[in-house]
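Notes follow the structure.
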There are 2 protein chains.
Amino acid sequence: MASVTLKDVSKVAGVSYATVSRAVSGSPEISEETRRRILKICKEMGYTPNSIARSMVKRCTNILGLIVPSLNNPFMSELTADLEIYARNRGYNLMVCNSSYDHDLELEVFSLLIGRQVDGVIMIPVGHEPYDSLSALTRQVPTVFISENMQNYPENYVSVDNFRGMQIATEYLCSLGHREILYFGARSDSKTHELRLEGYLSSCEKLGLAPHVLRSSYSRSSREVGYTLASDYFSRPRQETAILCSADMLAIGVKQAAYEAGIRIPKDVSLMGFDNISFSALPEIDLTTINQPTQQMATSAVDMLLDHIRDPEAAHTRLILPPSLIERKSCRPIKA
Amino acid sequence: MASVTLKDVSKVAGVSYATVSRAVSGSPEISEETRRRILKICKEMGYTPNSIARSMVKRCTNILGLIVPSLNNPFMSELTADLEIYARNRGYNLMVCNSSYDHDLELEVFSLLIGRQVDGVIMIPVGHEPYDSLSALTRQVPTVFISENMQNYPENYVSVDNFRGMQIATEYLCSLGHREILYFGARSDSKTHELRLEGYLSSCEKLGLAPHVLRSSYSRSSREVGYTLASDYFSRPRQETAILCSADMLAIGVKQAAYEAGIRIPKDVSLMGFDNISFSALPEIDLTTINQPTQQMATSAVDMLLDHIRDPEAAHTRLILPPSLIERKSCRPIKA
DNA sequence: CTGTTTTACGCAAACGTTTACGTTACCTGT
DNA sequence: ACAGGTAACGTAAACGTTTGCGTAAAACAG
């Protein structure tokens, strides 16, 4: 497993190892003839440059850290895949860490990544932290937040317009004749979920609807949480004709609970999600939802991060992408 | 962003930087008193050890490479999550790369990871490569394959007993009275899928059933592939009463195609999968399937890899875990 | 009190690169 | 032919650690 180094190659080639370095790293200070000769020897000897040593002197690793609450959520795993592929095409590798929806762990892996000397960090935050502890970290390394609005802080972020997205959803349900719409969400310690809720509330006001809000005590937008909360909800009398969930995974959990409670969707109650994960398109799920342009979010986040790595003094950037309605069959019009 | 080094701390503490190094790295060659004093100064100055420099001299990075065909497949993204969490708890970070079901890309990212000086590689292979090109890489760094049987090669791997799993599935369908069972699978250039097919065939022979096999020309076990292939299948006359898929994602695609073709599951045809991804438990999917013990696969793979990092000369290890039947509602008994 | 071991620390080399600077040798223009 | 310039390569320092070795002082045994 002992690998061959520049020094080894230089001995064989009969040149200094600086020359070999210039040959492999594409420096212009070398003749084409010797370059070809040296590269040939490198190939024969199976030389691969040690990127650790290179990082040491160049003071950059070409590694990006990614902190994600969970990979069991398809929205996040698909985003992760897009991020990794695009980053690699731009010459960066990803070090991925699960925060498991845990604030403390999130901060812990963040400093771990800093110790790893990553050139930048992309983070899908669990929610809003006490900003002090977070900014102590973002000051140390270029960071962009994804899928979370950091509008009150000097941070880079790219997200969908969550406020507008929920407005679109609420308006859509209202246009179908729903007047009693339940907003069903995760605990809003994240600005993202706060904005979604506010979008709902603002539309309610504008449309003259009475708001109904049911929120989980977990910040996790998982199927299990949706299922548990909805099972309880369905066991009691209710007046709402539509349920608007703050995430598709939550909606899928709700659907499961509805199924077990003998409540048909959309016959008995209409159901909407938010995210447009790929599973929502299945005919058995067929969930009307709000789309997040994940691919564009991924490429923009990487671009944004690399820009800030190149120029750490650059002003903070925010990018808010437009959501769109994906109409499927989980909602139906009701008579007035 | 200029970080504080050992040298900076040593100046303040009035000791040599070797002493500071011993203080932070927990060497016994230092008095408890000075250790406490130095660690206090470290904290005050915000010192974080540079793991790149450490890797340089220790000749190990505490980084593991993970190569995975896709993160859009829940089986793989859940496995990835388990691997990352367990590896991190054992002091290793994961560098994740998508191979996008591409053999050439798979080899390319593998050498990329070697250049990154990862201590080991965990790989979910796309399928069987020409073994020469692969072994040229596995010789350079400890590697364990996961979810793929490498029984014909001197490699470490952990997988479920795919052969037995498909036997269990076939036997189960037969016990429900099905005599005409379609095996619906991805192209078998992977040993995993070859073994699954063989398990089916062996059970067919044992049970006196005529085998029916339909295989995709893609190695990708995605919903789209299942949907496309099944749409075509359902458009023609058929005699099978049950469809046994080589992966849950394939089965979900089949279910989608069945839905659109007006074919009810399990009323018109029974359907089985393999993998037991979390979505299969949804009441709308409710797929009878074969469980893979992913969590145990993940921890075993990491343990196995770390063992071989510690002792690279150790004999190759193979671990084959037992599959189990998860009975849900996508299959029904038929009359003889 | 002497001789030996142990403890706690400093010194310096090493890990494999990159790159500023120095040094040739060759080329150019006059 | 000569000054000046340039192309091509070598020398050595630097990046931030770890660690073997050396050494002084402290601890210990007799």
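Hydrogens, waters and symmetry mates play no part in the numbers below; they use all other heavy atoms, side chains included. Just so we're on the same page: letters track the sequence lines, and every chain starts at 1.
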Exercise. With heavy atoms under 4.0 Å as the rule, sort A:Thr34 into base, sugar-phosphate or nothing.
Key: sugar-phosphate

Quiz item: Does B:Thr61 offer a backbone N or O that forms a donor-acceptor pair with the side chain of B:Gln117 under 3.5 Å?
Solution: no

Quiz prompt | Among C:dT19, C:dT17, C:dA13, the nucleotide that comes nearest once only the side chain of B:Tyr17 is considered | solution = C:dA13

For residues 300-307 of chain B, please give each side-chain donor-acceptor pair under 3.5 Å, one per line with the distance, not counting sequence neighbours.
unit_1, atom_1, unit_2, atom_2, d
B:Ser300, OG, B:Gln296, O, 2.7
B:Asp303, OD1, B:Tyr86, OH, 2.8
B:Asp303, OD1, B:Arg90, NH1, 2.5
B:Asp303, OD2, B:Tyr86, OH, 3.2

Quiz item: Want to settle it: does A:Pro28 or A:Ala18 sit nearer the 5' end of DNA chain D, counting the closest nucleotide to each?
Solution: A:Pro28

Self-check item: side chain to side chain donor-acceptor pair (under 3.5 Å) between B:Thr294 and B:Glu78, worked out
Solution: CA-CA 8 Å; B:Thr294 52; B:Glu78 288 167 20; 5.4 Å; no

Self-check item: Residue whose nearest DNA chain C nucleotide is more 5′ - B:Met56 or B:Arg22
Solution: B:Arg22

Quiz item: Mind checking which nucleotides bracket the chain A contacts on DNA chain D, 5' to 3', with an atom under 4.0 Å from a heavy atom?
Solution: D:dA8 to D:dG16

Quiz item: What is the distance from NZ of B:Lys7 to P of C:dA12, rounded to the nearest Å?
Solution: 13 Å

Self-check item: Euclidean distance, atom CD of residue A:Glu29 to atom P of C:dT24 [Å, nearest integer]
Solution: 18 Å

Quiz prompt | Donor-acceptor contact present, side-chain A:Ser100 to main-chain A:Asp102, <3.5 Å | solution = no

Quiz prompt | Check: A:Asn62 main-chain N/O paired with A:Asp119 side-chain donor or acceptor under 3.5 Å | solution = yes

Exercise. Given side chain to side chain donor-acceptor pair (under 3.5 Å), test B:Asn98 with A:Glu84 step by step and report yes or no.
Key: CA-CA 7 Å; B:Asn98 273 273; A:Glu84 193 277 324; 3.1 Å; yes

Exercise. Identify, between B:Val15 and A:Val20, the residue whose nearest nucleotide on DNA chain C lies closer to the 5' end.
Key: B:Val15

Quiz prompt | Phosphate contact (C:dC9 OP1 or OP2) by B:Ser31 side-chain N/O below 4.0 Å | solution = yes

